[in-house]
Amino acid sequence: MLVIACLQANAQSLPKPTPRQLAWQQLETTAFLHFTVNTFTDKEWGDGTESPAIFNPTKMDARQWVKALKDGGFKMAIITAKHHDGFCLWPSKFTEHSVKNSPWKNGQGDVVKEVADACKEFGLKFGFYLSPWDRHEPSYGTDAYNDHYKNQLKELLTGYGEVSEVWFDGAKGENAKAMEYDFKGYWQLVRDLQPKAIMFSDAGPDVRWVGNEAGNAGETCWSTIDTTGLAPGKADPKYLNTGDEDGTNWIPAETDVSIRPGWFWHANENDKVRTPQNLVNLYYQSAGRNSLLLLNIPPNNEGLFEESDIKAIKDFRSILNETFVNNLASMHTDKRLTDKKLSTFLPVKTNVPLVISFNKKVSFDRVMLQENIANGQKIKSGLVAYWTGSTWEQLSTFSTVGYKRLIRSKPVETSKVRITITGSKGPVQLAEIGFFKASGRE
Ligand code: FUL
């Protein structure tokens, strides 16, 4: 009795997502837009001495970007409102280093507004990155800078409608050793002014960095970590990559990666755009490993997405759509497992196989599993087997599942499949299973 009571108490106290985090996770594919003076100087990091006069994207069209993102199935766009060079893409009242002193639209333009408006028009969520590191601002390195940063944050949080994600990093200049970023204060401002917004950093508070910029969530990826001692810029990337089975904070991993070698557009990288197949691989390595893909597509110096990048994301989506259009498990198992809802789930016991029998042989090479993460992440390990006609043969093993686990297996033709959860942290709530035949284009 005591053992059962302990197990129940343990399951109940498992970390769970907030509604905000739960909604974020289901976006699966979101986009980053790196754009600033670097786009005109061919640099990745500006030093803050760039003249606003160089910022002149003569054909700038945020609608073109956001429409391409929509066609590519991306659910949110996050713009670099200010990168490390300090140049502001909106006409901030608190600095002269911004679009207002550029020739673009005679200083009357506002890139942040154009992106936010386009997102509204095409039904995407909108977010921004406001780099704490500012290599232009004179107050940087003194305590006064925290007020300056908060003033700018407030402008962005109040002037552009609903904000769905705010992206923070811990990058810091050598000249700021004595200054501490007031992350607590920044985060409070976001909570107060945009309570629905997700906040990203190495240490949360809502979502965490995946620990690399190569587009690789851990093969094992827990949505939980222990944030004790962690701060933006002060976290072990390996720890962030896999998360922590025993972590007490629900802070899932976001996989940020660029479609090109650099984060910003460079003419000499126009022939180095990832192929649709490469992007599909990133999807399996992020969304398919209990993470979320934040793919960067940088506009060029005319203020447009390159056609090559538009085509790559369009084809990426059509490959995924082709692969996942037909779930072979539909009609062959409990309805709750194929209704595309996390909230309807099947309780599954550890080491009791779940058998799915098809009424005729099916061929597949992709397996999908999802947990009802609203009640936490429980699955630690499991295996998939298929019936050869005379025996069960193991197809694949897996570790964590969480929001989603996608397995790319060898192609099999079979009439029966068996899924066994071999280890769990608590009562498993299996929300979805799927068997798919990959598009021949992958
Ligand atoms: C980092 C920055 O230093 C890079 O330039 C880039 O913006 C990346 C997404 O975040 O912290």
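Each ligand, and each atom within it, is numbered from 1 in the order the structure gives.
Note: no N/O pair closer than 3.5 Å links E44 and ligand 1 by distance alone. Looking at ligand 1, you'll find an N or O of H83 within less than 3.5 Å of one of its N or O atoms.
The aromatic rings of F324 and Y284 sit tilted, their planes meeting at an angle between 30° and 60°.
Close approach of ligand 1 to D169 (heavy-atom distance below 4.0 Å) involves ligand atoms 1 (C), 2 (C), 11 (O). Listed by atom number, the atoms of ligand 1 under 4.0 Å from H34 heavy atoms are 6 (C), 7 (O), 9 (C). Contact atoms of ligand 1 toward W45: 3 (O), 4 (C), 5 (O) (distance under 4.0 Å to a heavy atom of the residue). The contact set between ligand 1 and E213, taken as ligand atoms under 4.0 Å from a residue heavy atom, comprises 8 (C).
W222 places none of its side-chain heavy atoms less than 4.5 Å from the side chain of D244. Side chains of Y181 and Y149 form no contact here, defined as non-hydrogen atoms less than 4.5 Å apart.
Heavy-atom separations between F264 and ligand 1 are all 4.0 Å or longer. Judged by the shortest distance from any of its heavy atoms, Y129 lies inside the 4.0 Å radius around the atoms of ligand 1.
Between E245 and K380, at least one side-chain N (NZ, or NE/NH1/NH2) sits under 4.0 Å from a carboxylate O, which counts as a salt bridge.
Remark: of the listed residues R289, K75, R317, K404, K404 is the sole one forming a salt bridge (charged side-chain N to carboxylate O under 4.0 Å, His left out) with E28. Tested against E442 for a salt bridge (charged side-chain N to carboxylate O under 4.0 Å, His left out), the candidates K437, R366, R408 yield a single pass: R366.
When heavy-atom distances to ligand 1 are checked against a 4.0 Å cut-off, W167 comes that close only through its side chain, counted from C-beta outward.
For atom 2 (C) of ligand 1, the nearest protein heavy atom (residue, atom name, distance) is H84 NE2, 3.3 Å.
When atom types are taken as modelled, the side chain of E155 and the backbone of K93 share a donor-acceptor pair closer than 3.5 angstrom.
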